[in-house]
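Read the structure below first, then the notes.
Note that the structure is a prediction, hence the values are computed from the model and not measured. Only heavy atoms go into these numbers, but all of them, side chains included; no hydrogens, no water, no symmetry mates.
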Amino acid sequence: MIDIYKSKPPINKFTPLKRYQNVGFQRRFDLSLIESFFKRFPEERRGRKKFKEKEILNQKALIYEEIFQKAHKVKADCIGYIKENVSNDLIEIRVSFFKKNGW
């Protein structure tokens, strides 16, 4: 099981994996397909609010899946220092991987 800390994990339990500190994961998102659909069918827009935020959440979920796969690949026990940055069409998440002490 992988422990997750938004900020710094406890030093007495985890040590950083030196090669896997501040690793960045990026993904672009495009809303043009959704906007063109709503332009073509404006009646479908009714009742569908905040589709941009929902698309960002979907893309973040895909990025976190990549992060967990990477943690499993490098045999990390903890993920910490999670920083999320969302710009106009780019989502970037930076994380650091940690190993349990004594292993």
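- I91 and L62 fall into different hydrophobic clusters, where Ile, Leu, Val, Met, Phe, Trp and Tyr are joined by side-chain heavy atoms under 4.5 Å apart, directly or via other members.
- Of the inter-residue distances, the one linking I34 atom CD1 with K52 atom NZ reads 11.0 Å to the nearest 0.5 angstrom.
- A distance of 13.0 Å separates CD1 in I93 from NZ in K83, rounded to the nearest 0.5 Å.
- How far CE of M1 is from CG of D77: 11.0 Å, rounded to the nearest 0.5 Å.
- Annotation: side chain of I79 is in contact with side chain of F97 (closest heavy-atom distance under 4.5 Å).
- In this structure the side chain of K60 reaches within 4.5 angstrom of the side chain of I56, judged on heavy atoms.
- Within the structure, ring-ring contact (aromatic ring centres under 6.0 Å, His included) contacts touching residues 8-33 (residues at least two apart or in different chains) do not occur.
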N/O donor-acceptor pairs under 3.5 Å from side chains in residues 64-72, not counting sequence neighbours:
from, atom 1, to, atom 2, distance (Å)
Y64, OH, E84, OE2, 2.4
E65, OE2, Q69, NE2, 3.4
E66, OE2, R27, NH2, 2.5

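- Counting all heavy atoms, side chain and backbone alike, K100 lies closest to T15 at O-OG1, 4.4 Å.
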Can you list, pair by pair, the side-chain donor-acceptor contacts under 3.5 Å of residues 2-13, counting residues two or more places apart and other chains?
none

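- Once rounded to the nearest 0.5 Å, the distance linking CG of D89 with CD of Q59 reads 11.0 Å.
- A donor-acceptor contact shorter than 3.5 Å is absent between the side chain of K75 and the backbone of K99.
- Listed by first and then second residue, the salt bridge (Lys or Arg N to Asp or Glu O under 4.0 Å) pairs that reach into residues 29-39 come to none, sequence neighbours excluded.
- Hydrophobic clustering (ILVMFWY, side-chain heavy atoms < 4.5 Å, transitive): V95 and V86 are in one cluster.
- The distance from atom CG of L31 to atom CD of E55, rounded to the nearest 0.5 Å, is 6.0 Å.
- Taking 4.5 Å as the limit, every side-chain heavy atom of R94 sits out of range of all side-chain heavy atoms of N85.
- Scored by the ring-ring contact (aromatic ring centres under 6.0 Å, His included) test, F38 finds F51 as partners (sequence neighbours excluded).
- A search for ring-ring contact (aromatic ring centres under 6.0 Å, His included) contacts involving F37 returns F41, not counting sequence neighbours.
- Cluster membership for I82 and F98, using ILVMFWY side-chain heavy atoms within less than 4.5 angstrom, is not shared.
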